[in-house]
A.B. asks: 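Encoded as C-alpha coordinates, here's the structure I'll be asking about.
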Amino acid sequence: MTQAPDSPVWQLVLVLWGTKYPVAEVNHLIDTVCRQASHAPRVVLITDHLREGLRSGVVQRLIPDFFMAADMRGPGCQAKLCMFEAGVVPDDLPAVYIDIDTVVFGDMTRFLALQTRRKSVVMFHNTLLPFGAVPRLIHKVSRGKKYLRGNSSIVIYHPGECTDIASHFREMFAKVGANGTPAMVADDKFISWSHQHALRSIPHDMAVKLPAEFMLPYRWLIHLRARMPWVRRRWAGLIALTLPGVEVKGEALLALPDGAEIVDRKGRRLIWSEAALGPVKARLTAYYTALQQSGRTP
(Lines give C-alpha, C1' and ligand atoms only; values in the text may rest on other atoms or scores of the structure.)
Protein backbone atom coordinates (compact mmCIF):
# COMPACT_ATOMS: atom_id res chain seq x y z
CA MET A 1 0.00 0.00 0.00
CA THR A 2 1.37 3.43 -0.94
CA GLN A 3 1.83 5.79 1.97
CA ALA A 4 0.32 9.27 1.78
CA PRO A 5 2.96 12.03 1.49
CA ASP A 6 2.05 13.43 4.91
CA SER A 7 1.95 10.05 6.67
CA PRO A 8 4.50 9.58 9.49
CA VAL A 9 7.49 7.37 8.80
CA TRP A 10 8.46 6.86 12.45
CA GLN A 11 7.08 6.96 15.98
CA LEU A 12 8.18 8.85 19.07
CA VAL A 13 7.49 6.67 22.13
CA LEU A 14 7.28 7.95 25.70
CA VAL A 15 6.47 6.03 28.89
CA LEU A 16 4.92 7.85 31.85
CA TRP A 17 3.59 6.82 35.22
CA GLY A 18 3.04 8.66 38.47
CA THR A 19 3.27 12.43 38.96
CA LYS A 20 6.97 13.21 38.47
CA TYR A 21 6.44 14.78 35.05
CA PRO A 22 3.48 17.11 34.48
CA VAL A 23 1.68 17.23 31.14
CA ALA A 24 3.20 20.66 30.35
CA GLU A 25 6.70 19.14 30.44
CA VAL A 26 5.64 16.21 28.26
CA ASN A 27 4.08 18.60 25.75
CA HIS A 28 7.21 20.75 25.69
CA LEU A 29 9.34 17.70 24.86
CA ILE A 30 6.95 16.58 22.13
CA ASP A 31 6.75 20.08 20.65
CA THR A 32 10.55 20.31 20.58
CA VAL A 33 10.93 16.95 18.85
CA CYS A 34 8.25 17.66 16.24
CA ARG A 35 9.49 21.17 15.50
CA GLN A 36 13.00 19.96 14.67
CA ALA A 37 12.18 16.66 12.94
CA SER A 38 12.53 16.51 9.17
CA HIS A 39 9.62 14.04 9.25
CA ALA A 40 7.04 14.64 11.97
CA PRO A 41 6.49 11.44 13.99
CA ARG A 42 3.41 9.72 15.28
CA VAL A 43 3.61 10.29 19.04
CA VAL A 44 2.70 7.40 21.34
CA LEU A 45 2.47 7.97 25.09
CA ILE A 46 2.29 4.77 27.14
CA THR A 47 0.80 5.82 30.45
CA ASP A 48 -0.68 4.54 33.70
CA HIS A 49 -3.85 6.57 33.09
CA LEU A 50 -5.22 8.71 30.28
CA ARG A 51 -3.82 12.22 30.55
CA GLU A 52 -5.79 15.37 29.86
CA GLY A 53 -4.26 18.41 28.17
CA LEU A 54 -1.85 16.53 25.93
CA ARG A 55 -0.78 17.95 22.60
CA SER A 56 -3.30 17.25 19.86
CA GLY A 57 -2.75 13.99 17.99
CA VAL A 58 -0.87 12.13 20.73
CA VAL A 59 -1.86 8.45 20.83
CA GLN A 60 -2.31 7.24 24.40
CA ARG A 61 -1.85 3.58 25.28
CA LEU A 62 -2.28 2.19 28.79
CA ILE A 63 0.57 0.33 30.45
CA PRO A 64 -0.52 -3.33 30.67
CA ASP A 65 -1.52 -4.40 34.18
CA PHE A 66 1.38 -6.85 34.30
CA PHE A 67 3.91 -4.01 34.10
CA MET A 68 2.04 -1.82 36.58
CA ALA A 69 3.06 -3.96 39.57
CA ALA A 70 4.76 -1.87 42.26
CA ASP A 71 8.06 -3.76 42.02
CA MET A 72 8.28 -2.87 38.32
CA ARG A 73 7.87 0.87 38.89
CA GLY A 74 10.77 1.16 41.29
CA PRO A 75 14.44 1.98 40.66
CA GLY A 76 14.77 -0.80 38.07
CA CYS A 77 12.02 0.70 35.87
CA GLN A 78 11.08 -2.73 34.49
CA ALA A 79 7.74 -1.15 33.57
CA LYS A 80 9.51 0.45 30.61
CA LEU A 81 9.67 -2.99 29.00
CA CYS A 82 6.01 -2.46 28.12
CA MET A 83 7.24 -0.56 25.03
CA PHE A 84 8.07 -4.00 23.58
CA GLU A 85 4.74 -5.61 24.51
CA ALA A 86 2.80 -6.82 21.47
CA GLY A 87 -0.09 -4.50 20.67
CA VAL A 88 1.02 -1.56 22.83
CA VAL A 89 2.95 0.46 20.24
CA PRO A 90 1.61 0.19 16.66
CA ASP A 91 3.87 -2.23 14.78
CA ASP A 92 3.81 -0.57 11.36
CA LEU A 93 6.66 1.93 11.85
CA PRO A 94 10.09 2.05 13.51
CA ALA A 95 10.15 3.79 16.87
CA VAL A 96 12.46 5.96 18.95
CA TYR A 97 11.85 5.81 22.69
CA ILE A 98 13.26 8.63 24.86
CA ASP A 99 13.10 9.30 28.59
CA ILE A 100 11.11 12.43 29.40
CA ASP A 101 14.18 14.04 31.00
CA THR A 102 15.87 14.02 27.59
CA VAL A 103 16.68 17.37 25.97
CA VAL A 104 16.38 17.30 22.18
CA PHE A 105 18.59 19.65 20.16
CA GLY A 106 18.15 18.36 16.61
CA ASP A 107 16.42 16.10 14.11
CA MET A 108 15.61 12.79 15.78
CA THR A 109 14.69 11.28 12.41
CA ARG A 110 18.43 10.78 11.94
CA PHE A 111 18.39 8.08 14.63
CA LEU A 112 16.48 5.78 12.27
CA ALA A 113 19.58 5.26 10.11
CA LEU A 114 21.26 3.52 13.06
CA GLN A 115 18.86 0.60 12.82
CA THR A 116 20.53 -1.38 10.03
CA ARG A 117 18.14 -4.32 10.47
CA ARG A 118 14.52 -4.37 11.61
CA LYS A 119 15.47 -6.64 14.51
CA SER A 120 18.24 -4.31 15.71
CA VAL A 121 17.87 -2.46 19.00
CA VAL A 122 20.04 0.66 19.30
CA MET A 123 20.89 2.16 22.70
CA PHE A 124 23.75 3.66 24.71
CA HIS A 125 26.52 1.27 25.77
CA ASN A 126 27.72 1.62 29.36
CA THR A 127 31.31 0.52 28.81
CA LEU A 128 34.29 1.66 26.73
CA LEU A 129 33.65 -1.18 24.31
CA PRO A 130 30.62 -0.59 22.07
CA PHE A 131 28.14 -3.31 21.13
CA GLY A 132 29.42 -5.49 18.31
CA ALA A 133 30.95 -8.81 17.32
CA VAL A 134 33.25 -9.19 20.34
CA PRO A 135 30.54 -8.63 22.99
CA ARG A 136 28.20 -10.94 21.09
CA LEU A 137 30.86 -13.65 21.11
CA ILE A 138 31.50 -13.18 24.84
CA HIS A 139 27.75 -13.38 25.48
CA LYS A 140 27.46 -16.54 23.42
CA VAL A 141 30.51 -18.33 24.83
CA SER A 142 29.53 -17.50 28.44
CA ARG A 143 25.95 -18.60 27.77
CA GLY A 144 24.64 -15.20 28.76
CA LYS A 145 26.62 -14.88 31.98
CA LYS A 146 28.81 -12.12 30.53
CA TYR A 147 27.35 -9.28 28.48
CA LEU A 148 27.69 -5.57 27.87
CA ARG A 149 25.03 -3.50 29.58
CA GLY A 150 23.33 -0.64 27.79
CA ASN A 151 21.29 2.32 28.99
CA SER A 152 17.68 2.74 27.93
CA SER A 153 17.39 6.54 28.03
CA ILE A 154 17.14 6.37 24.24
CA VAL A 155 16.12 3.21 22.37
CA ILE A 156 15.66 2.83 18.62
CA TYR A 157 13.69 -0.29 17.68
CA HIS A 158 10.91 -1.70 15.54
CA PRO A 159 7.83 -2.62 17.61
CA GLY A 160 6.93 -5.42 15.20
CA GLU A 161 10.27 -7.18 15.64
CA CYS A 162 11.09 -6.93 19.36
CA THR A 163 8.05 -8.33 21.16
CA ASP A 164 10.21 -11.25 22.27
CA ILE A 165 11.87 -8.95 24.84
CA ALA A 166 8.62 -8.42 26.74
CA SER A 167 7.40 -11.98 26.27
CA HIS A 168 10.72 -13.40 27.49
CA PHE A 169 10.54 -11.19 30.58
CA ARG A 170 7.01 -12.43 31.28
CA GLU A 171 8.15 -16.04 30.96
CA MET A 172 11.05 -15.53 33.36
CA PHE A 173 8.85 -13.59 35.78
CA ALA A 174 6.48 -16.56 35.94
CA LYS A 175 9.40 -18.77 36.92
CA VAL A 176 11.51 -16.64 39.27
CA GLY A 177 9.71 -13.32 39.96
CA ALA A 178 10.52 -9.71 39.07
CA ASN A 179 14.09 -9.73 40.41
CA GLY A 180 14.72 -13.43 40.12
CA THR A 181 17.97 -13.11 38.16
CA PRO A 182 20.57 -10.31 37.99
CA ALA A 183 19.45 -9.48 34.45
CA MET A 184 15.89 -8.82 35.61
CA VAL A 185 16.62 -6.10 38.18
CA ALA A 186 16.49 -3.27 35.62
CA ASP A 187 14.88 -2.77 32.25
CA ASP A 188 18.12 -1.89 30.45
CA LYS A 189 19.93 -4.87 31.95
CA PHE A 190 17.22 -7.18 30.67
CA ILE A 191 17.25 -5.63 27.19
CA SER A 192 21.04 -5.99 27.10
CA TRP A 193 21.02 -9.59 28.32
CA SER A 194 18.14 -10.88 26.22
CA HIS A 195 18.90 -8.98 23.01
CA GLN A 196 22.72 -8.79 23.05
CA HIS A 197 22.83 -10.55 19.68
CA ALA A 198 21.14 -7.61 17.96
CA LEU A 199 22.28 -4.55 19.93
CA ARG A 200 23.96 -1.55 18.32
CA SER A 201 25.42 1.53 19.98
CA ILE A 202 24.30 5.14 19.65
CA PRO A 203 27.37 7.11 18.47
CA HIS A 204 28.56 9.79 20.85
CA ASP A 205 28.45 12.41 18.11
CA MET A 206 24.65 11.97 17.97
CA ALA A 207 23.58 11.68 21.60
CA VAL A 208 25.16 11.37 25.04
CA LYS A 209 24.26 10.97 28.69
CA LEU A 210 25.05 14.13 30.64
CA PRO A 211 26.81 12.36 33.57
CA ALA A 212 29.00 10.24 31.29
CA GLU A 213 29.92 13.08 28.95
CA PHE A 214 30.15 16.19 31.11
CA MET A 215 30.74 15.05 34.71
CA LEU A 216 34.30 14.19 35.73
CA PRO A 217 35.99 14.12 39.17
CA TYR A 218 38.46 16.94 38.52
CA ARG A 219 37.85 20.56 37.53
CA TRP A 220 41.08 20.80 35.53
CA LEU A 221 40.15 17.74 33.48
CA ILE A 222 36.67 19.10 32.78
CA HIS A 223 38.07 22.40 31.50
CA LEU A 224 40.87 20.74 29.54
CA ARG A 225 38.44 18.49 27.71
CA ALA A 226 36.04 21.33 26.95
CA ARG A 227 38.85 23.30 25.29
CA MET A 228 39.53 20.62 22.71
CA PRO A 229 38.09 21.90 19.39
CA TRP A 230 37.02 18.47 18.12
CA VAL A 231 35.11 17.85 21.36
CA ARG A 232 33.30 21.20 21.10
CA ARG A 233 32.40 20.47 17.46
CA ARG A 234 30.91 17.13 18.52
CA TRP A 235 28.93 18.78 21.30
CA ALA A 236 27.60 21.38 18.87
CA GLY A 237 26.23 18.61 16.65
CA LEU A 238 24.42 16.58 19.32
CA ILE A 239 20.83 15.58 18.59
CA ALA A 240 19.93 14.74 22.17
CA LEU A 241 21.23 14.82 25.72
CA THR A 242 19.80 12.73 28.56
CA LEU A 243 19.81 14.01 32.13
CA PRO A 244 19.96 11.75 35.21
CA GLY A 245 16.74 13.28 36.54
CA VAL A 246 17.42 13.00 40.28
CA GLU A 247 20.81 14.60 40.91
CA VAL A 248 20.73 17.05 38.01
CA LYS A 249 17.31 18.54 37.37
CA GLY A 250 17.18 20.60 34.21
CA GLU A 251 15.05 23.47 35.42
CA ALA A 252 17.20 23.77 38.57
CA LEU A 253 20.25 24.45 36.40
CA LEU A 254 18.81 27.82 35.44
CA ALA A 255 18.92 28.98 39.06
CA LEU A 256 22.64 28.22 39.38
CA PRO A 257 25.16 31.07 39.23
CA ASP A 258 27.72 30.81 36.47
CA GLY A 259 30.52 28.46 37.52
CA ALA A 260 28.49 26.66 40.20
CA GLU A 261 29.14 22.96 40.76
CA ILE A 262 26.95 19.92 41.27
CA VAL A 263 28.59 16.76 42.65
CA ASP A 264 26.88 13.39 42.23
CA ARG A 265 27.09 10.34 44.50
CA LYS A 266 30.07 9.04 42.49
CA GLY A 267 32.04 12.23 43.10
CA ARG A 268 31.69 13.47 39.54
CA ARG A 269 31.34 17.24 39.06
CA LEU A 270 29.14 19.23 36.74
CA ILE A 271 30.36 22.81 36.30
CA TRP A 272 27.62 25.14 35.09
CA SER A 273 29.65 27.33 32.75
CA GLU A 274 30.33 27.77 29.06
CA ALA A 275 33.99 27.00 29.71
CA ALA A 276 33.00 23.51 30.96
CA LEU A 277 29.94 22.74 28.83
CA GLY A 278 30.70 24.60 25.62
CA PRO A 279 27.68 25.20 23.37
CA VAL A 280 25.55 22.80 25.43
CA LYS A 281 25.12 25.34 28.25
CA ALA A 282 23.33 27.81 25.98
CA ARG A 283 21.19 25.06 24.47
CA LEU A 284 20.15 23.72 27.87
CA THR A 285 19.37 27.26 29.01
CA ALA A 286 17.18 27.87 25.95
CA TYR A 287 15.31 24.59 26.39
CA TYR A 288 14.49 25.04 30.07
CA THR A 289 13.76 28.74 29.73
CA ALA A 290 11.16 27.86 27.12
CA LEU A 291 9.82 25.18 29.46
CA GLN A 292 9.42 27.71 32.26
CA GLN A 293 7.64 30.11 29.91
CA SER A 294 5.26 27.37 28.86
CA GLY A 295 3.96 27.20 32.44
CA ARG A 296 5.92 24.25 33.85
CA THR A 297 7.46 26.34 36.64
CA PRO A 298 5.98 29.49 38.29
Side-chain angles (χ1 to χ4, degrees), residues 3-64 67-68 73 77 79-85 87-112 152-160 206-207 210 238-243 245 249-254 283-298:
Q3 228 178 10
D6 58 348
S7 297
V9 298
W10 68 287
Q11 305 177 83
L12 170 67
V13 177
L14 308 171
V15 177
L16 177 62
W17 66 82
T19 58
K20 181 178 178 181
Y21 299 103
V23 167
E25 186 164 350
V26 177
N27 282 340
H28 181 64
L29 175 60
I30 295 170
D31 289 343
T32 303
V33 171
C34 292
R35 184 176 66 252
Q36 298 183 95
S38 55
H39 298 279
R42 173 196 297 146
V43 181
V44 181
L45 175 68
I46 312 173
T47 175
D48 56 350
H49 66 274
L50 298 180
R51 310 269 172 162
E52 296 183 357
L54 279 173
R55 188 180 194 268
S56 176
V58 175
V59 177
Q60 296 195 63
R61 297 291 178 89
L62 293 176
I63 298 174
F67 290 105
M68 278 299 295
R73 290 180 285 120
C77 293
K80 283 170 59 176
L81 294 173
C82 70
M83 75 173 90
F84 302 109
E85 181 86 346
V88 173
V89 178
D91 63 5
D92 57 337
L93 297 175
V96 181
Y97 165 84
I98 58 174
D99 281 349
I100 295 173
D101 55 5
T102 301
V103 181
V104 176
F105 299 137
D107 181 7
M108 282 183 52
T109 310
R110 291 171 52 203
F111 284 137
L112 301 178
S152 62
S153 297
I154 301 176
V155 182
I156 300 101
Y157 71 107
H158 199 295
M206 297 183 76
L210 183 140
L238 289 174
I239 299 171
L241 173 69
T242 68
L243 274 66
K249 292 184 177 294
E251 57 268 38
L253 293 175
L254 300 186
R283 300 173 87 179
L284 284 171
T285 299
Y287 182 86
Y288 286 106
T289 298
L291 176 56
Q292 285 185 336
Q293 294 171 349
S294 72
R296 164 67 177 90
T297 305

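Counting begins at 1 with the first residue of the sequence.
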A.B. asks: Which distance, rounded to the nearest 0.5 Å, do you find between the CG of Leu241 and the CZ of Arg283?
C.D. replies: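 It is 9.5 Å, given to the nearest 0.5 Å.
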A.B. asks: Kindly say whether Pro90 contributes a backbone atom to a donor-acceptor pair with the side chain of Gln11 at under 3.5 angstrom?
C.D. replies: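 Such a contact is found between Gln11 side chain and Pro90 backbone.
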A.B. asks: Would you say the side-chain atoms of Arg61 pair up with the backbone N or O of Ile46, donor to acceptor, closer than 3.5 Å?
C.D. replies: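 Checked: no pair found.
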A.B. asks: Could you work out, with side chain to side chain contact (heavy atoms under 4.5 Å, CB included) as the rule, every residue matching Arg73, not counting sequence neighbours?
C.D. replies: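 Applying side chain to side chain contact (heavy atoms under 4.5 Å, CB included) to Arg73 gives Trp17, Met68, Ala70, Ala79.
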A.B. asks: Strictly by salt bridge (charged side-chain N to carboxylate O under 4.0 Å, His left out), give each pair with a member in residues 29-39 just once, sequence neighbours left out.
C.D. replies: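 Qualifying pairs, neighbours excluded: Asp31-Arg55.
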A.B. asks: Tell me, please, which residues at least two apart from Tyr157 pass ring pair (Phe, Tyr, Trp, His ring centres under 6.0 Å).
C.D. replies: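 Phe84.
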A.B. asks: Checking side-chain polar atoms at under 3.5 Å, does Asp107 have a donor or acceptor matched by the opposite partner on Ser38?
C.D. replies: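 A pair is found: one side chain offers a donor N or O, the other an acceptor, under 3.5 Å apart.
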A.B. asks: Do Pro8 and Pro41 come close enough that some side-chain heavy atom pair is under 4.5 Å?
C.D. replies: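 SC-SC contact between Pro8 and Pro41 ruled out.
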A.B. asks: Holding to ring pair (Phe, Tyr, Trp, His ring centres under 6.0 Å), I want the full list of residues that pass it with Tyr287, two or more places apart in sequence or in another chain.
C.D. replies: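 Tyr287 satisfies ring pair (Phe, Tyr, Trp, His ring centres under 6.0 Å) with His28 once adjacent residues are dropped.
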A.B. asks: Taking the side chain as C-beta and beyond, is there a heavy-atom pair between Leu29 and Leu14 under 4.5 Å?
C.D. replies: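 They are in side-chain contact.
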A.B. asks: Would you name the heavy atoms of Thr289 and Leu254 that are closest together and state the gap between them?
C.D. replies: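 Looking at all heavy atoms of both residues, the shortest contact is N-CD1, 3.6 Å.
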A.B. asks: With sequence neighbours excluded, tell me which residues meet side chain to side chain contact (heavy atoms under 4.5 Å, CB included) with Arg51.
C.D. replies: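 Partners of Arg51 under the side chain to side chain contact (heavy atoms under 4.5 Å, CB included) test: Leu16, Val23, Leu45, Thr47, Asp48, His49, Leu54, Gln60.
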A.B. asks: Which residues pass the side chain to side chain contact (heavy atoms under 4.5 Å, CB included) test with Ala240, sequence neighbours left out?
C.D. replies: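 Ala240 satisfies side chain to side chain contact (heavy atoms under 4.5 Å, CB included) with Thr102, Phe111, Ile154, Ala207 only.
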A.B. asks: So do Val155 and Val96 actually touch side chain to side chain, heavy atoms under 4.5 Å?
C.D. replies: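 No, their side chains stay 4.5 Å or more apart.
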A.B. asks: Are the side chains of Leu284 and Phe105 in touch, meaning some heavy atoms are under 4.5 Å apart?
C.D. replies: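 Counting from C-beta outward, Leu284 and Phe105 do come under 4.5 Å.
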